[in-house]
Amino acid sequence: MSELPKAYEPRAVEEKWYAAWIEGRCFEADPSSAKPGYSIVIPPPNVTGILHLGHVLNNTLQDILARRARQSGKEVLWLPGTDHAGIATQAKVERVLRESEGTTRHALGREEFLKRVWEFKDTHGDIIIRQLKRLGCSCDWSRERFTMDESYSRWVSHVFVELFKEGLIYRGRRIVNWCPVSLTALSDEEVIMTPRKSKLYFVRYELADGSGRHLAVSTTRPETLMGDVAVAVNPKDPRYAEFVGLTVRRPFPAAEIPVIADEHVDMEFGTGALKITPAHDKADFEISLRHGLEIIDVLTPDGRIDCPQCPDLHGLDRFEARKVAAAKLEELGLLIKVEDYENSVGYSERAQVPVEPRISMQWFLRYPCAGEAADAVADGRITFRPARWAKTYAHWMEHLQDWCISRQLWWGHRIPVWYRKDKLDALKQAAALGMEDFTRGDIHVAIDPPDDSDDWVRDDDVMDTWFSSWLWPFATMAEPGGNSALLRKFYPTDDLVTGPDILFFWVARMIMAGLRFTGDIPFRNVFFTSIIRDLQGRKMSKSLGNSPDPVELMDRYGADGLRFGLMRIAPVGSDLRFDEHSVEEGRNFANKLYNACRLRQMAGGGCVPPADPQDLPPYHIDILAKLDALAEDLVAGFAGYRFGEIAQRLHEFLWSEFCDKFLEAVKPDLRDGASEAARNATLATFDAVMSRYLQLLSPYMPHIAEELSARMGYISDGEFVMNRRLPETRLVDFDADVAQAKAAAVYESAGRLRNLKTECNVATRRDLRFIVRNHPAWIDAESRVLAMLAGAATISLEPDYDPPKGTPAAVTPCGECYLPLEGLVDVAAERARLEKEIAKIRGEVARCEAKLGNPGFVDRAPADVVDQEKARLADWIGKLDRLQAMLDALS
RNA sequence: GCGCGCUUAGCUCAGUGGUAGAGCACAUCCUUCACACGGAUGGGGUCGCAGGUUCGAACCCUGCAGCGCGCACCA
């Protein structure tokens, strides 16, 4: 027999099989296949991203689903690709340019900058793809897509044009979330509300009539005071009724502004008087529209004060200006007081600075098919797992706000709108643009530029990245507006696996886009993964440095080990606390499996054809039946998407059932001197179980399953276990209950005997003799196995045995077992043990008696529960009597 | 303010009304010919708190507390 290394070494094996699968085109989907289709689209990772544990979890789940579907006879398409990730990628390339060339995108110009981004994408874009391959992902790489591919880009423009024509996309001057670092608008979803300690300033606005009376206004943002155009009070507020219609003096720059009444003002908050700064607050903006007020913008796009009339503030950063403005008010005697205050401030997801509500011209989308999309989840056409996310979804869908889809970036899909050069100024000034301007011919909205393109100027902005991502399930499968064999075979997709953090960003929007542009839902099931946290419960993040590098983990534990370890601890609905120990366990599990097969290989003898299973010893029948049970449990587990439970079952079967019990029980059959029949039966059983087990394991640990299947000869050359159909027959098609009961009795008894040995302090001795009486008849044939499992020299069956007083004993399913130790027993220790045991059992007896003495229980509980309790009581009492006798004998 | 989760062994978590479970960690022992990435044995929990329903509650109901998340508001 060839010398196999003692420990499994995954690295080379995993690389070898991944290459073989690619070579064998195992992952490629055939849309013309007669088999039923099954499809998943990958949540496209950022093209310049690198693999983190969230990706590992997410993509392992998808790979398991895809591989299981292949085994179940489906034609599988797992469609991979990457996302151009507008802000993230542009920011990354800008940083690289700054650090390596000391230049900026503006210095390079739009065209040159985009060239650089494409170069960057070409050199770094496949890192994460290579990492996914390392993990073993069975994506159809021949169909890899990128959100800025030519045809995908046409889809994005097509959708924009269609929605524009439908009147759902419009351009308008609104308050948007502005990121002063990225210098672009953001959607509401990209703003993270964070509680922050700040100050509430109470400012005196004196009446312009010289009466000396004043209004006290409370504000957190004195630095925008220069943009004030009014002070508002609630019309129902009696305190201020007389002020409405008068004017007050704005502290600086000096101006008289009106006091107005508006329902929005909360009388309870602060002083009940609100300064109105329309350019820098959404509510103020809306009030200004209602009252026809002027809008004064006092901030630059990068968040500095733009107010030449106030030279001491002009040009200051907004937070610096806040302090200066407060000091200025103090100087003027207009600052009444400052209170500590905690409020929530919106932060830019990416730049991690507070966003600025800013008025600007942007493109907006009113969502299509919103009602139908809400219904699709509510009525179960789309299933969310865990189901509770459906509620979150429904809530969001009920409160849909128009989506700001334009971004002031260069990297992305440019808005497909051209303006007539001679109308440009007028169009720029317009408060809103829509269908009317289009039909008048002032703007051109189409996938392609206008013919006389010299007379037109294209819109500078690009679209929000998610405005391309929301088309992913179908835009990856067909040309714009078109149909394809792929789409017909694989759309709607079956499962979507993603994180709940992008429910609004992506999932909800995909449902609406799918319904609008294909007339069908994009997927049938959405499986929301856990959020991975560290052991302290913190989110994984780069800045905390608590995010382990999955590639390093794979280097140390193997891709299979990482996959299996993660799956085993992935809870169904809640967050996952990552512990590297679990990956280590995954690796250990692979090693255990490998060594079980090594044992088989060392026994040699090729693949022996199975004997008639009915004639096999009970251990063999037992393990065959347990494999059948495992296969069934997996069917149920997959139906319920209980991935963690499945991993647990796979682990338990191999380790506890197959190795700890079966292999230990049959070891003698593999040694020299065993009978040929016994040896054959054992080898055949091993192979029957292991070949199927490897198949069941294959979706979770595909590499080692393939390696061992090949090495053990379970598959032929050129065949792959990943492509083999799951068998529909059972290994045991007869009643195995008797055999299984015997096997269980022996395993259980062996445990009790080992336990007895430990208690008698002879755990390591192997020369002991157990004497058994009151045993079932069949035990005769199994006593040798029982002796071996118990670590005893012999088991003597002596029905008439009369144990000397004080002989240690254990009641087992295989009879009363005695361990005569002739002087080896420490009497005092044995007494102590017995007394302890007796006390414990008295407690149990008392509990049982109390329960059975309760008329309510006896009358009302189901008969079988009561019987069970009675049997239990009888057991305890019997055991108590025996122990008491042993104790008496000792004295 | 509204909503959703969670609270079970030292840790991470299973457990849908009938004797509290697993893995890890811990302790003791074992380098016996598949595996020390291993084997054997053991200790360890009044299931967050208080009520209620029930013969019986970790489980169902109510309230409370703590932790986490989402949404809204925030002058």
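Just so it is clear, the values below take in all heavy atoms, side chains as well, and ignore hydrogens, waters and symmetry mates. Each chain gets a letter, A, B and so on, in the order the sequences are listed, and its residues count up from 1.
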Open item on the list: Suppose the criterion is ring pair (Phe, Tyr, Trp, His ring centres under 6.0 Å): which pairs have a residue in residues 846-875 of chain A, not counting sequence neighbours?
Closed with: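 Checked against ring pair (Phe, Tyr, Trp, His ring centres under 6.0 Å) - neighbours excluded - no pair reaches residues 846-875 of chain A.
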side-chain contact (heavy atoms from CB on, under 4.5 Å) between A/Gln401 and A/Asp188, intermediate numbers included: CA-CA 9 Å; A/Gln401 302 284 315; A/Asp188 295 344; 4.1 Å; yes
Which base, if any, makes a Watson-Crick or G-U wobble pair with [N], both distances under 3.5 Å?
{"N": "B/rC60", "value": "B/rG52"}
{"N": "B/rA40", "value": "B/rU28"}
{"N": "B/rA14", "value": "none"}
{"N": "B/rG68", "value": "B/rC4"}

Taking atom [atom2] of [N] as reference, at what distance in whole Å does atom [atom1] of [X] sit?
{"X": "A/Phe564", "N": "B/rG23", "atom1": "CZ", "atom2": "P", "result": "13 Å"}
{"X": "A/Phe658", "N": "B/rC35", "atom1": "CZ", "atom2": "C1'", "result": "13 Å"}
{"X": "A/Glu645", "N": "B/rA22", "atom1": "CD", "atom2": "C1'", "result": "12 Å"}
{"X": "A/Asp501", "N": "B/rG70", "atom1": "CG", "atom2": "C1'", "result": "12 Å"}
{"X": "A/Arg649", "N": "B/rA14", "atom1": "CZ", "atom2": "P", "result": "18 Å"}
{"X": "A/Glu844", "N": "B/rA20", "atom1": "CD", "atom2": "P", "result": "8 Å"}
{"X": "A/Asn343", "N": "B/rC74", "atom1": "CG", "atom2": "C1'", "result": "6 Å"}
{"X": "A/Asp188", "N": "B/rA72", "atom1": "CG", "atom2": "P", "result": "8 Å"}

For nucleotides 37-42 of chain B, 5' to 3', base contacts (B), sugar-phosphate-only contacts (S) and non-contacts (-) with protein non-hydrogen atoms under 4.0 Å give BSSSSS
For nucleotides 8-13 of chain B, 5' to 3', base contacts (B), sugar-phosphate-only contacts (S) and non-contacts (-) with protein non-hydrogen atoms under 4.0 Å give ----SS
task: State whether A/Lys275 places a side-chain N or O below 4.0 Å from either non-bridging phosphate oxygen (OP1 or OP2) of B/rA75.
output: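 Checking A/Lys275 against B/rA75: no side-chain N or O falls below 4.0 Å of OP1 or OP2.
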Practice problem: Name the nucleic acid region contacted by A/Cys848, choosing base, sugar-phosphate or nothing; use a 4.0 angstrom heavy-atom cut-off, strictly under. | Solution: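 No contact.
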Query raised in the report: Just checking A/Lys667: base, sugar-phosphate only, or nothing, at a heavy-atom cut-off of under 4.0 Å?
Result: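 Touches a base.
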Separation between CD of A/Glu869 and CD of A/Glu849, rounded to the nearest 0.5 Å:
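Going from CD on A/Glu869 over to CD on A/Glu849, the span is 11.0 Å.
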Between [X] and [Y], is any pair of side-chain heavy atoms under 4.5 Å apart?
{"X": "A/Leu53", "Y": "A/Leu553", "result": "yes"}
{"X": "A/Phe643", "Y": "A/Gln648", "result": "no"}
{"X": "A/Val866", "Y": "A/Leu852", "result": "yes"}
{"X": "A/Thr498", "Y": "A/Phe527", "result": "no"}
{"X": "A/Asp228", "Y": "A/Ile276", "result": "no"}
{"X": "A/His214", "Y": "A/Val248", "result": "no"}
{"X": "A/Tyr619", "Y": "A/Val746", "result": "yes"}
{"X": "A/Thr392", "Y": "A/Phe504", "result": "yes"}

Inset, instruction - Could you point out which residue of A/Val217, A/Leu274, A/Val203 forms a side-chain contact (heavy atoms from CB on, under 4.5 Å) with A/Val231? - result: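 Checked A/Val217, A/Leu274, A/Val203 against A/Val231; only one passes side-chain contact (heavy atoms from CB on, under 4.5 Å): A/Val217.
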Taking [M] as the reference, what is the distance to [N] when you measure between their [atom1] atoms (whole Å, please)?
{"N": "B/rU53", "M": "B/rG63", "atom1": "C1'", "value": "15 Å"}
{"N": "B/rU62", "M": "B/rC6", "atom1": "P", "value": "14 Å"}
{"N": "B/rC30", "M": "B/rG68", "atom1": "P", "value": "47 Å"}
{"N": "B/rA58", "M": "B/rC2", "atom1": "C1'", "value": "30 Å"}
{"N": "B/rG3", "M": "B/rG44", "atom1": "C1'", "value": "39 Å"}
{"N": "B/rC49", "M": "B/rA65", "atom1": "C1'", "value": "7 Å"}
{"N": "B/rA34", "M": "B/rA27", "atom1": "P", "value": "29 Å"}
{"N": "B/rG39", "M": "B/rU54", "atom1": "P", "value": "50 Å"}

ask   = Would A/Arg872 and A/Glu844 satisfy salt bridge (Lys or Arg N to Asp or Glu O under 4.0 Å), going step by step from the backbone distance to the final call?
value = CA-CA 9 Å; A/Arg872 205 173 281 147; A/Glu844 298 290 349; over 6 Å; no
Open item on the list: For A/Glu356 and A/Arg221: C-alpha separation, side-chain torsions, deciding distance, then whether salt bridge (Lys or Arg N to Asp or Glu O under 4.0 Å) applies.
Closed with: CA-CA 12 Å; A/Glu356 194 59 52; A/Arg221 304 203 61 190; 2.6 Å; yes
Exercise for review: Between A/His651 and A/His399, just flag the one whose closest nucleotide in RNA chain B comes earlier from the 5' side.
Suggested key: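 It is A/His651 whose nearest nucleotide is closer to the 5' end.
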Handout entry: 5' priority, RNA chain B, between A/Asp281 and A/Lys6 [closest heavy atom]
Key =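 The residue whose closest nucleotide sits nearer the 5' end is A/Lys6.
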(message) Is the distance between the ring centroids of A/Phe589 and A/Phe564 under 6.0 Å?
(response)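 Here the rings of A/Phe589 and A/Phe564 have centres that are less than 6.0 Å from each other.
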As a test of reading the structure: which of [options] is closest to the side chain of [X], going by heavy atoms?
{"X": "A/Thr764", "options": "B/rA75, B/rC74, B/rC30", "result": "B/rC30"}
{"X": "A/Arg388", "options": "B/rA75, B/rU19, B/rG5", "result": "B/rG5"}
{"X": "A/Leu663", "options": "B/rC74, B/rA34, B/rC4", "result": "B/rA34"}
{"X": "A/His581", "options": "B/rA75, B/rC4, B/rC24", "result": "B/rC24"}

* What residues in residues 865-872 of chain A put a non-hydrogen atom under 4.0 Å from any atom of RNA chain B? ->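 Hits under 4.0 Å, by residue number: A/Val865, A/Arg872.
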ask   = Which of residues 190-205 of chain A have a heavy atom under 4.0 Å from RNA chain B?
value =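 Close to the strand are A/Met193, A/Leu200.
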Answer yes when A/Glu645 and A/Arg568 have at least one side-chain N-carboxylate O distance shorter than 4.0 Å, and no when they do not.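 Not counted as a salt bridge, because no side-chain N and carboxylate O are separated by less than 4.0 Å.
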Next on the checklist: Determine whether a donor-acceptor pair (N or O, by modelled atom type, separation under 3.5 Å) exists between the side chain of A/Arg204 and the backbone of A/Ile336.
Outcome noted: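 Looks like no, no N/O pair under 3.5 Å.
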Anything under 3.5 Å between a protein N or O and an N or O of nucleotides 54-57 of chain B, put it in a table, one pair a line.
unit_1 : atom_1 : unit_2   : atom_2 : d
B/rC55 : OP1    : A/Arg860 : NH1    : 2.2
B/rC55 : OP1    : A/Arg860 : NH2    : 2.6
B/rC55 : O2'    : A/Asn854 : ND2    : 2.4

Measure up the A/Phe528 and A/Phe384 rings against each other and bin them: parallel (under 30°), tilted (30 to 60°), perpendicular (over 60°).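 If you compare the ring of A/Phe528 with that of A/Phe384, the planes turn out perpendicular.
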* List the steps, then state whether salt bridge (Lys or Arg N to Asp or Glu O under 4.0 Å) holds for A/Lys275 with A/Asp284. => CA-CA 8 Å; A/Lys275 73 188 194 68; A/Asp284 290 7; over 6 Å; no
